[in-house]
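Heads up, the thing below is written out as structure tokens.
Index from 1, following the sequence.
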Amino acid sequence: MESVQEHYSAMMVAIRRYAPYVDIEKVDAAYQYAEEKHASQKRKDGSPYVIHPLAVAEIIAEIGLDTDAVVGALLHDCIEDTDSSFDDIAKRFGRTVAELVEGVTKLTRVQYSTTEEQQMENLRKMFMAMSKDIRVILIKIADRLHNTRTLQYQTPAKKISKSLETMEIYAPLAHRLGMQKIKWELEDESLKYLEPEAYNEIMAYLDAHEEQANQFMRGVQSKITTRLSSVGIHGKIYGRIKHVYSIFRKMKSQHKTIDELYDLYAFRIIVDTIPDCYNVLGHIHDLFNLVPGRFKDYISTPKPNMYQSLHTTVIGSDGIPFEVQIRTWDMHQTAEYGVAAHWKYKQGVNKTGDEKDFEWIRRLLESQQDTDAEEYVHSLKVDMFDDEVFVFTPKGKVISLPQGSTPIDFAYAIHSAVGNSMVGAKIAGRIAKIDEPLKNGDIVEVITSKTAKGPSRDWLKICKSNQARNKIRQWFKKECREENIAHGKASFEAELRHFNINPNVLNNAEVLPTVLKKVCFDSLDDMYAAIGYGGITAQKCVGRIRDELVQAAKPAKDPKDTGLNLNKAPTHNESGVIVGGDIGSCMVKFSRCCTPVPGDDIVGFITKGYGVSIHRKDCPNAKAASDPAQADRWVQVSWANTESEPFSTTLEIDSNARQGVFLDVATILASAKVRVTEISARDLPNDRALTLATFDVKNIDELNAIKQKIRGLSGVTDVRRGRH
């Protein structure tokens, strides 16, 4: 176990090497403060907690940030985990440092009804702080990187949930910020816990073929070096095997084993000038055979995160394809450290980065107040993390949109008024459908009309970007309240009837205040309007209040009814099941063949030496109840109306073999806050897959809610109860 002094020394080495302009005295004062505040705290491995902020500060120094950023990294957990306050930190280290620490601090002291809501608010707060000072998100990513490096000390459930969050939020965010080195490490470390078998398989293969790979890369590198030297181009050339998660994605998307993959190698050529980049490209295409359709020029059209390089894929004489990236040294700094390099080299080490250059941050913050938490988090991932498509206005301006975007997304990316008055679109001069996916390089022209009636509700299903969807919702919210109320009420009442709940139960004056408090609206009309314009779904509203409505709809109990069956006194077990009949107190166990949970129709079977075994009535094994020879062994059972321990159950999920189904299912289970005891997946014939998930639930309602969410996943064809 490394000591505090070792981490302190490593931080100082990083500062001297990568950030020599940092004020050592201020950093040392911050370290002393953090050590004092975290003195009584330990990490999961038993080491002093201050090791964590020291490691985060070391990462911040390695990417070349300034004094305030390093100090903010050292203090980033003080407000959240100690008695430190914003004012105290501001007084000692300056307001800028205090704002950095406050920006990184999670909202752990605020209670939310769902995991999605907490995740949304944490992200929203980060992006707000990020729009003011990009160093907030850089510290947060450094914090997550060190936590990911030390995940081995967490519980199995924590490893999965943290790895999922890293893979879904922080690795793509690092990519969006251009921080490729950190992105790769976050992905590989997360894959280690999300897909341990695949990770170990890939690592074993790479280890076994290391010498063969090195020999191939040395040969290609020598060939390129010889050619460039002969024409007087100076540069650095080196090859690498693509990182583990990249290989894993190729295996999944191409449905191949690792030994069937060829595109495992990448070479990077760094030269002095942009003309040299294009000269090198010509020589590469002369030396090797070009793979058609695999050339990309990110120098003339940089990515939104400022990434610039030439990318081409070629095939060597031995038939093995490999990628070549060509860039200048400045481009290389940006490619490795992304926005951190921009912040340091373009703005100067003593200035706050100008985040106005990052249009996508503004888009993430725009119009989020009317977005439901779960929808926001989902849309955020689409907007921020999907691959981009680059299209052009007729005047040549480049517009970056999520992959799969349509002319609707393009129109709203230009301006709300353009989208609201849109009546058609042209792509490359031809009339196009408004739901046609845009491709890289398309020139798009929006056709507008002053007499346009505004967007259609169907556009919410067509558009891809969160920005367009939010602007459409805003239009409906502002222009069509009465229509929204009518539309929302119809959707809400239809959802109630789906659960056999009479909508008239809302007329109960005692029920209504509780219902409105649960859904967080001041009136039913406000709720209906929100459903109507898409701010929240009818399913989510009903899900929050269903128990109250069901209870209110029950007929009043007859006071003369004692509720007692004088003939047979039921036995109430600690298991949560009431066993009828004359068998007295008995042991109860739940059958593994059908995994019943509270709310299922159940029946009991008397077993020798094991008490009563509880089955679902639709269980194939329960059909024996009709056998006259076994009739005396079947007894009536029911669920007790008392709190009990969660019940284990299993779901079988059929889907197509698309990449990500396993992670999507795991995400839903994590967000539902259920204890997952086992989850696995395997490929089936005909490009199908089967995912098995065993977890604990309180009752059938909780299970059905999870099933409904899983059924909504792309590619899922069936979700059914399984057996352990």
Is there a side-chain contact (heavy atoms from CB on, under 4.5 Å) between V418 and T448 once you walk through the steps? CA-CA 7 Å; V418 175; T448 61; 4.2 Å; yes

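- Annotation: side chain of W459 is not in contact with side chain of T406 (no heavy-atom distance under 4.5 Å).
- Between Y245 and H243, the angle of the ring planes lies from 30° to 60°, which puts this pair in the tilted group.
- Smallest separation of non-hydrogen atoms from I139 and A69: CD1-O, 3.7 Å.
- The local environment of NZ in K250 is crowded, with over 12 non-hydrogen atoms from other residues, nucleotides or ligands closer than 6.0 Å.
- Between I434 and G424, the shortest heavy-atom distance links the atoms CG2-CA, 4.3 Å.
- For the pairing with F295, the side chain to side chain contact (heavy atoms under 4.5 Å, CB included) check across V324, T312, T313, V314 returns one residue only, T312.
- Of the possible polar contacts, none joining the S405 side chain to the L401 backbone as a donor-acceptor pair under 3.5 Å is found.
- Salt bridge annotation for E187-K183: present, with a cationic side-chain nitrogen under 4.0 angstrom from a carboxylate oxygen.
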Evaluate side-chain contact (heavy atoms from CB on, under 4.5 Å) for L228 paired with I269, printing each intermediate quantity in order. CA-CA 10 Å; L228 297 187; I269 304 173; 4.1 Å; yes

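- Distance check, rounded to the nearest 0.5 Å: CE of M527 to CD1 of I485 gives 11.0 Å.
- Under 4.0 Å is where a charged nitrogen must lie from a carboxylate oxygen, and between D718 and R711 no such pair does.
- Atom-to-atom distance recorded for Y238:OH and F267:CZ is 12.0 Å, nearest 0.5 angstrom.
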Test salt bridge (charged side-chain N to carboxylate O under 4.0 Å, His left out) applied to K489 and D525, step by step: CA-CA 8 Å; K489 183 177 182 182; D525 279 354; over 6 Å; no

For a side-chain contact (heavy atoms from CB on, under 4.5 Å) check, start with the C-alpha distance between K439 and I427, then their side-chain angles and the critical distance, and finish with the verdict. CA-CA 10 Å; K439 301 186 296 295; I427 299 177; 5.9 Å; no

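- Annotation: I443, atom CD1; neighbour count of heavy atoms from other residues, nucleotides and ligands within 6.0 Å does not exceed 12.
- Scanning both residues, V519 and C541, for their nearest heavy atoms gives CG1-O, 3.9 Å.
- Taking a cutoff of 4.0 Å between a charged side-chain nitrogen and a carboxylate oxygen, E323 and R294 do not qualify as a salt bridge.
- Contact check for F410 versus V391: side-chain heavy atoms found under the 4.5 Å cut-off.
- With a 6.0 Å radius and a threshold of 12 heavy atoms from other residues, nucleotides or ligands, D286 has its CG atom above the threshold.
- R268 has its side chain out of reach of K236: every pair of non-hydrogen atoms, C-beta onward, lies at least 4.5 Å apart.
- Note that the OG atom of S465 and the CD atom of Q403 stand 13.0 Å from one another [nearest 0.5 Å].
- A distance of 12.5 Å separates CG of L281 from CG of D276, quoted to the nearest 0.5 Å.
- Within the 3.5 Å criterion, the main-chain N or O of V444 finds no donor-acceptor partner in the side chain of D442.
- Contact between F288 and V220 at its shortest, heavy atoms only, is CZ-CG1, 4.2 Å.
- Looking only at distances, a side-chain donor or acceptor of S491 sits under 3.5 Å from a matching main-chain atom of H487.
- For S309 (side chain) and H311 (main-chain N/O), no donor-acceptor pair under 3.5 Å exists by modelled atom type.
- Side-chain contact between I63 and M179 is present, with at least one heavy-atom pair separated by less than 4.5 Å.
- You'll find the side chain of V665 reaches within 4.5 Å of the side chain of I653, heavy atoms only.
- Between Y412 and N420, the side chains place a donor N or O and an acceptor N or O closer than 3.5 Å (distance only, hydrogens not considered).
- Residues V244 and L191 meet the side-chain proximity criterion, which asks for heavy atoms closer than 4.5 Å.
- Salt-bridge check for D409 with R469: failed, with every basic side-chain N at 4.0 Å or more from each acidic carboxylate O.
- Between I531 and N484 there is no side-chain heavy-atom pair separated by less than 4.5 Å.
- Side chain of S246 to main chain of K242: no donor-acceptor pair is present (N/O by atom type, distance under 3.5 Å, no hydrogens or angles).
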Start with the C-alpha gap between R430 and E445, add the side-chain angles, then the distance that decides, and say whether salt bridge (charged side-chain N to carboxylate O under 4.0 Å, His left out) holds. CA-CA 9 Å; R430 62 174 175 80; E445 179 183 353; over 6 Å; no

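- Summarising the geometry, atom CD1 belonging to I233 is positioned 9.5 Å from atom CD1 belonging to I237; distances are rounded to the nearest 0.5 Å.
- In terms of the salt bridge (charged side-chain N to carboxylate O under 4.0 Å, His left out) criterion, K252 has no residue partners (sequence neighbours excluded).
- A 4.5 Å side-chain heavy-atom check between L310 and R327 finds every atom pair outside the cut-off.
- For T667 and D664, the side-chain atoms include no donor-acceptor pair closer than 3.5 Å.
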Any chance you could lay out the side-chain contact (heavy atoms from CB on, under 4.5 Å) test for T537 and V542, step after step, and finish with the verdict? CA-CA 9 Å; T537 64; V542 171; over 6 Å; no

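- Of all the heavy atoms in L287 and I224, the pair that sits closest is CD1-CA, 4.3 Å.
- In this structure, D654 and R688 approach most closely via the heavy-atom pair C-NH2, 4.4 Å.
- Within the model, atoms CG of L65 and CG of L100 stand 10.0 Å from one another, a figure rounded to the nearest 0.5 Å.
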